[in-house]
> 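To start, I am sharing the structure in question, which I have written as structure tokens.
Note on naming: letters A, B, ... go to the chains in the order of the sequence lines (proteins, then strands), and numbering restarts at 1 for each one.
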Protein chains: 2
Amino acid sequence: MRTLSRATIYCLRALIYVASRNEKDKYVSIGQISEELHISFHFLTKTFQTLTQQGLLTSHRGPQGGIMLNKPVEEIFLIDIVLMLEGQNFFDKCLLGLPGCGEAEPCPVHNFWKDVKGALKKEFEETSLADLAAGIANKTMRI
Amino acid sequence: MRTLSRATIYCLRALIYVASRNEKDKYVSIGQISEELHISFHFLTKTFQTLTQQGLLTSHRGPQGGIMLNKPVEEIFLIDIVLMLEGQNFFDKCLLGLPGCGEAEPCPVHNFWKDVKGALKKEFEETSLADLAAGIANKTMRI
DNA sequence: TATATTTGAGATTCGAAAATCTCAATCGTC
DNA sequence: GACGATTGAGATTTTCGAATCTCAAATATA
């Protein structure tokens, strides 16, 4: 079950890593994240750019530069990250990929899928970066 | 939110179409399905082959040939189709795509995602082809 | 101000899924 | 038995997301 794109997955892993370091008001180097997590550096810069443009992160060039979360990890939710990277219409898509599907002209699985998406969205809305990072306290855990 | 592959989507649309025709013990031509639903003929034959090999369908070559459901539509569930086409491990995958993730060594989102997948799987298990086809009674509905 | 470090941005390459094409196998009908 | 209709199977091409590469812009530090 492939739900998120690679870009989102990488970014999520990176943000969980950043959150777990819990260093406020300090830039974390993208290069360092890339090395620690074995994620393509250039791939990361691209996704971080998007999040910076959308206001979730602040970035800083030059030595001691990097990225920094703009809000406390308790106030950043999974849904924010996913919508910013996958697009605001992430939860609006039809299971069968039918372009015309909607409330006005629902496909056979429209209502079924609407419920499923609603439940998933609720989970994403209630799960913060702090929740996700909490699991990482255990050092043996791999991200 | 992209959940199913194109192959599965096409097959699902095709099976809903077949189910909605409600013609027992009669072969439905793949060519006809392809034309009606504007789905690539060769793509359909491929996915139907898989379902035939796995016992969900019976196929028949030659004139008046086609495919036929092996069970009543009430007894074919969404989960069957999805697992046959996407693979039996469809609901086992890690949200972050981490290969080592599992009960023994869970990733930060493992338990969160396990619950979500469990709920989705349950929905798929409880939704039959008959349920999906029921919506099609309305002729204006597009599949 | 010179330099090393780091992100920004876009071009290019790679690979897997998607789509198409070709021919073989099967079978009803005449 | 010949022919046309239809699925079976695999090869080939196309497309698009993923990954890489290259250079520009910014800035801390000495």
> Examine the base of D:dT22 for any acceptor or donor lying under 3.5 Å from a partner atom in the side chain of A:His42, and report the outcome as yes or no.
yes

> Quick one: are A:Ile33 and A:Ile67 in side-chain contact, heavy atoms under 4.5 Å?
yes

> Would you say A:Arg13's side chain and A:Leu37's backbone share a donor-acceptor pair under 3.5 angstrom?
yes

> Please check if the number of heavy atoms outside B:Gln32 that lie under 6.0 Å from its CD is greater than 12.
yes

> Looking at every heavy atom in both A:Ile76 and A:Lys71, which two are closest together, and how far apart are they?
CD1-O, 3.7 Å

> Please output the side-chain donor-acceptor pairs of residues 81-100 of chain A that fall under 3.5 Å, not counting sequence neighbours, one pair per line with the distance.
from: A:Glu86; atom 1: OE2; to: A:Ser5; atom 2: N; distance (Å): 2.8
from: A:Glu86; atom 1: OE2; to: A:Ser5; atom 2: OG; distance (Å): 3.1
from: A:Glu86; atom 1: OE2; to: A:Thr8; atom 2: OG1; distance (Å): 2.7

> With rounding to the nearest 0.5 Å, note down the distance linking CD1 in B:Ile79 to OG1 in B:Thr127.
10.0 Å

> Near DNA chain D, under 4.0 Å by heavy atom, which residues of residues 3-12 of chain A?
A:Ser5, A:Arg6, A:Tyr10

> Below 3.5 Å is the cut-off: list the nitrogen or oxygen pairs between protein and nucleotides 13-16 of chain C, distance only.
none

> Distance check needed: C:dT20 P versus B:Phe41 CZ, whole Å only.
13 Å

> If a pair satisfies ring pair (Phe, Tyr, Trp, His ring centres under 6.0 Å) and one of its residues is in residues 45-79 of chain B, list it, with sequence neighbours excluded.
B:Tyr27-B:His60

> Give every residue pair that meets the side chain to side chain donor-acceptor pair (under 3.5 Å) criterion with at least one member in residues 33-52 of chain A, sequence neighbours excluded.
none

> Just compare D:dA25, D:dA18, C:dT26 and give me whichever is closest to any side-chain atom of B:Arg61.
C:dT26

> Please determine, for the side chain of A:Gln64, which listed nucleotide (D:dA28, D:dA5, C:dT20) has the closest atom?
D:dA28

> From the list D:dT20, C:dA19, C:dT7, which nucleotide is the closest neighbour of the side chain of B:Lys46?
C:dA19

> Do you know the tightest heavy-atom contact between A:Cys107 and A:Cys101?
N-SG, 3.5 Å

> To the nearest Å, give me how far apart OH (B:Tyr27) and C1' (C:dT26) are.
12 Å

> Between C1' on D:dC16 and CZ on B:Arg2, what's the gap in Å once rounded to a whole number?
11 Å

> Mapping B:Val28 and A:Phe43 onto DNA chain D by nearest heavy atom, which one lands closer to the 5' end?
B:Val28

> Pair A:Lys117, A:Phe112 - check side chain to side chain contact (heavy atoms under 4.5 Å, CB included), show working.
CA-CA 9 Å; A:Lys117 284 186 296 188; A:Phe112 159 71; over 6 Å; no

> Measure CG/A:Leu85 against C1'/D:dG17 and give the value in whole Å, please.
15 Å

> Verify the contact: side-chain N or O of B:Thr45 to OP1 or OP2 of D:dT7, cut-off strictly under 4.0 Å; return yes or no.
no

> In Å and rounded to the nearest 0.5 Å, what is the SG to CG distance from B:Cys11 to B:Leu57?
7.0 Å

> Separation of A:Met68 atom CE from C:dT6 atom P, in whole Å?
16 Å

> Within the 3.5 Å criterion, strictly below it, is a donor on B:His110 or B:Glu103 matched to an acceptor on the partner's side chain?
yes

> Which ones in residues 47-60 of chain A lie close to DNA chain C, meaning a heavy atom under 4.0 Å from one of its atoms?
A:Gln49, A:Gln53, A:Ser59, A:His60

> In whole angstroms, how far is the C1' atom of C:dA9 from the CD1 atom of A:Ile30?
13 Å

> What is the separation between atom CD1 on A:Ile39 and atom P on D:dA18, rounded to the nearest whole Å?
14 Å

